[in-house]
Number of protein chains: 2
Amino acid sequence: MRETTVSPLPPVARGSGIREVARLAGVSTATVSRVFNDAASVSPDTRARVLEWATALRYEPSSLGRNLVRGRSELLGLIVPNVSFPLYGEMLGGIEAVLGGRGMSILLASSDDDPVGELTAARKVLRHAVDGGVIINSRLSTTPPAPRGLHWVQISAEHAGLPCRVELDNEAGGWLAALELLRVGRRRLTYLGAPGRESRERERGFAGALSKAGLTYRRAEGDYSELSGTWAADALLAAEPAPDGLFVAGDLMAAGALRALHRRGLRVPADVAVVGFDDAVIASLLYPRLTSIRQPAHAMGAAAAELSLRLIAGLPAESVTFAPELVRRESTGPP
Amino acid sequence: MRETTVSPLPPVARGSGIREVARLAGVSTATVSRVFNDAASVSPDTRARVLEWATALRYEPSSLGRNLVRGRSELLGLIVPNVSFPLYGEMLGGIEAVLGGRGMSILLASSDDDPVGELTAARKVLRHAVDGGVIINSRLSTTPPAPRGLHWVQISAEHAGLPCRVELDNEAGGWLAALELLRVGRRRLTYLGAPGRESRERERGFAGALSKAGLTYRRAEGDYSELSGTWAADALLAAEPAPDGLFVAGDLMAAGALRALHRRGLRVPADVAVVGFDDAVIASLLYPRLTSIRQPAHAMGAAAAELSLRLIAGLPAESVTFAPELVRRESTGPP
DNA sequence: TTGTAGGCGTTATCAA
DNA sequence: TTGATAACGCCTACAA
């Protein structure tokens, strides 16, 4: 615990405070406060005078003082595994969009895709007395990082830790991928997965749809990285019979798989059709453009923010599961 | 100004405060404070007793109270045009890396790539009394958003607004691109630019290197988007003589240009060599892998954070310019 | 409509 | 080594 954050930094220069504005405007601090908070109950006259001095002094109420007395910080904690991962960036965008209008700001901390980092990030965020928060893709199996007021929402975690969750129906996603590959006449199918719950769920849906069609499939496992996609695809392609359809658990890994296919001179989709997952920005940049199972990342972020705000407001908030969507592109269709 | 942020939300449940810990441990609040701040000047005995009660009550010093009296918020404001842009994600990573060890956190606000949004973001961040901040790719031509304490640093802004800056030597980047295209024997060169200072500087370097070699070049302009890259490249390719070398001001736009080349059946690099800019994650995912001028985004973010911390600490801080670097890949070399 | 006064949780100064 | 006590900047009954 004790986390001694002795910061040797000197205090930052302060602006002028409520008292100075009050003094110069010839009113009490209470009145100044009212001008900045309460719309009513202050005469147009006084308000004008106060506002005049306020702007002259460049006064703005300090959120420190305000939040101290109100017991709120107007901050939403956000813990994300890795800021540069495109999908998380989109989620962040959704969260921001919701928060923007509500006068809340984002306190960001990244967990570096690591349980310990996650805890560190949580403590960091909690120290600032955030009112609530969102944690993306948590790896923690234990209790959530919510000491006081547990207004936290999780998106796509490894374990069902928090009561309030935003999820994607991964199984349905796997199902969609299978149907698409079947639609374009593929029968020798393959799943390229990764460790973790999400991949398992995607595979379950994929397997379900195939067994319903009386088919089986082969599998290999990577780690969501491009390189692992290339390797796993290579292994898959070496075996007989050569697959004609490939479902990959992530777009980045799918990019690696495409490269392996190119190297062997296999045409996509003519020889092998490919379906990715996430529909990250890169999906439409690949060659050929990648058919992918879309995660509505922006909407999921927005939903999580909304839920957290409801929790903070003491309103009921229920977990929500989003449905994935097939985005058909060249890798399963005509070029 | 007046920004009435009347939040109708109820106060968040508070944990137990310093007083309760003090009371139960049978000491004064001052002593509890000392236990959590200065290492010395409190007997092992008392400290143990205090710590015991503190953990029992799950007490942690509120940063609200602490910062109020210290006049610091331990927050660094960060204004970024668009969180989902990969390059900015990398910069953010660099900033986080530096801040992590210094007990500072990031207050994030996005400007939506728009001057008005930038102002809004600035106000939002400033309200929380951040100690300093970093603003990425500012579009503002006027004064910086720094009312009290101007501990702000800008990265790659459109205008030289803030005194403390982190920049990339774009001109050198353009120069590098030209040399690379010349190296692989190209003579009919083309620049695919975009509006703004950065593109102009890149072009200047490009033009300089070419004129030194006694060459001229043609040009087209996009807007950094993939689609604009396709269009501009199409226009360029329709004209005679067909170019055999292409320098594109951004990787995303280069992706679009590659697509235009594919569509016309032109081979890269055999028929046309291509050099992009930024070396964003996507550069190595494209087909063929894209040679690009690397912006050391992570290092630039880290430098900006470092500078802001120095400014906050009252230390001298000087602007810094980073040198770009050529990352050679398939689009200008053997596959 | 306005002012007075108390308190939010913490740290820092000074005296013991 | 410890304890009173006075800020820090603001909000909000309550009273006028």
Side-chain angles (χ1 to χ4, degrees), chain A residues 3-23 25-50 54 57-74 127-129 148, chain B residues 4-23 25-50 54 57-74 126-129 148:
Chain A
E3 174 127 10
T4 322
T5 323
V6 208
S7 41
L9 301 176
V12 165
R14 301 167 195 266
S16 31
I18 200 175
R19 270 186 275 270
E20 195 167 351
V21 177
R23 191 173 54 78
V27 296
S28 74
T29 62
T31 300
V32 176
S33 171
R34 276 189 279 260
V35 168
F36 279 87
N37 294 291
D38 228 271
S41 90
V42 47
S43 84
D45 225 41
T46 333
R47 141 160 306 149
R49 212 166 56 246
V50 168
L57 294 171
R58 284 160 158 244
Y59 166 78
E60 284 199 54
S62 144
S63 55
L64 244 39
R66 163 182 300 185
N67 294 149
L68 181 59
V69 59
R70 285 198 182 159
R72 310 195 342 96
S73 63
E74 300 188 335
R127 276 219 340 259
H128 285 274
R148 26 178 168 252
Chain B
T4 322
T5 322
V6 208
S7 40
L9 301 178
V12 166
R14 301 167 195 265
S16 30
I18 199 174
R19 268 186 275 270
E20 196 166 352
V21 177
R23 189 172 55 79
V27 296
S28 74
T29 62
T31 300
V32 176
S33 172
R34 274 188 280 260
V35 168
F36 279 88
N37 296 292
D38 15 289
S41 89
V42 44
S43 81
D45 224 43
T46 338
R47 142 159 306 146
R49 211 166 57 247
V50 167
L57 294 171
R58 285 164 158 239
Y59 167 79
E60 285 198 52
S62 143
S63 56
L64 245 38
R66 165 183 302 192
N67 292 150
L68 179 59
V69 59
R70 285 198 181 158
R72 306 191 351 91
S73 62
E74 300 188 334
L126 257 12
R127 275 219 338 260
H128 285 274
R148 22 176 170 253

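All heavy atoms count here, side chains included; hydrogens, waters and symmetry mates do not. Throughout, protein chains are lettered first and strands after them, A, B, ... in sequence-line order, and every chain is numbered starting at 1. On a predicted model such as this, the values are computed, not experimentally measured, just so you know.
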Undergrad: Please tabulate, one pair per line, each protein N/O and nucleotide N/O from nucleotides 10-12 of chain D that are separated by under 3.5 Å, including the distance.
TA:
{"unit_1": "D:dC10", "atom_1": "OP1", "unit_2": "A:Tyr59", "atom_2": "OH", "d": "3.1"}
{"unit_1": "D:dC10", "atom_1": "OP1", "unit_2": "A:Ser62", "atom_2": "N", "d": "3.0"}
{"unit_1": "D:dC10", "atom_1": "OP2", "unit_2": "A:Ile18", "atom_2": "N", "d": "2.5"}
{"unit_1": "D:dC11", "atom_1": "OP1", "unit_2": "A:Asn37", "atom_2": "OD1", "d": "3.4"}
{"unit_1": "D:dC11", "atom_1": "OP1", "unit_2": "A:Asn37", "atom_2": "ND2", "d": "3.1"}
{"unit_1": "D:dC11", "atom_1": "OP1", "unit_2": "A:Arg66", "atom_2": "NE", "d": "3.0"}
{"unit_1": "D:dC11", "atom_1": "OP1", "unit_2": "A:Arg66", "atom_2": "NH2", "d": "3.3"}
{"unit_1": "D:dC11", "atom_1": "OP2", "unit_2": "A:Ser33", "atom_2": "OG", "d": "3.0"}

Undergrad: What is the minimum heavy-atom distance between A:Ala54 and A:Phe36, and which atoms define it?
TA: CB-CZ, 3.7 Å
Undergrad: To the nearest 0.5 Å, what is the distance between OG on A:Ser63 and CG on B:Leu126?
TA: 10.0 Å
Undergrad: Give the rounded distance in Å between these two atoms: CZ of A:Arg23 and P of D:dG9.
TA: 14 Å
Undergrad: Which atom pair, heavy atoms only, marks the closest approach of A:Ala129 to A:Ser73?
TA: O-OG, 2.6 Å
Undergrad: Is A:Glu20 close to A:Leu57 at the side-chain level, that is, under 4.5 Å between some pair of heavy atoms?
TA: yes
Undergrad: Just report the end-to-end axis angle for the helix from C:dT1-D:dA16 to C:dA16-D:dT1, five pairs per end, to 10 degrees.
TA: 30°
Undergrad: Less than 4.5 Å apart, any side-chain heavy atom of B:Asn37 and any of B:Arg66?
TA: yes
Undergrad: Please report the closest heavy-atom contact between A:Arg49 and A:Ala25, naming both atoms and the distance.
TA: NE-O, 2.9 Å
Undergrad: Please name the pair of heavy atoms, one in A:Val35 and one in A:Arg47, separated by the smallest distance, quoted to 0.1 Å.
TA: O-NH2, 3.9 Å
Undergrad: Measure CZ/B:Arg72 against P/C:dT10 and give the value in whole Å, please.
TA: 18 Å
Undergrad: Check the distance between C:dG9's C1' and B:Asn67's CG and give it to me in whole angstrom.
TA: 11 Å
Undergrad: Do the side chain of B:Thr29 and the main chain of B:Ile18 share a donor and acceptor less than 3.5 angstrom apart?
TA: no
Undergrad: What is the distance from CG of A:Leu68 to C1' of D:dA7, rounded to the nearest Å?
TA: 13 Å
Undergrad: Please state how far atom CD in B:Glu74 lies from atom P in C:dT11, giving the value in whole angstrom units.
TA: 10 Å
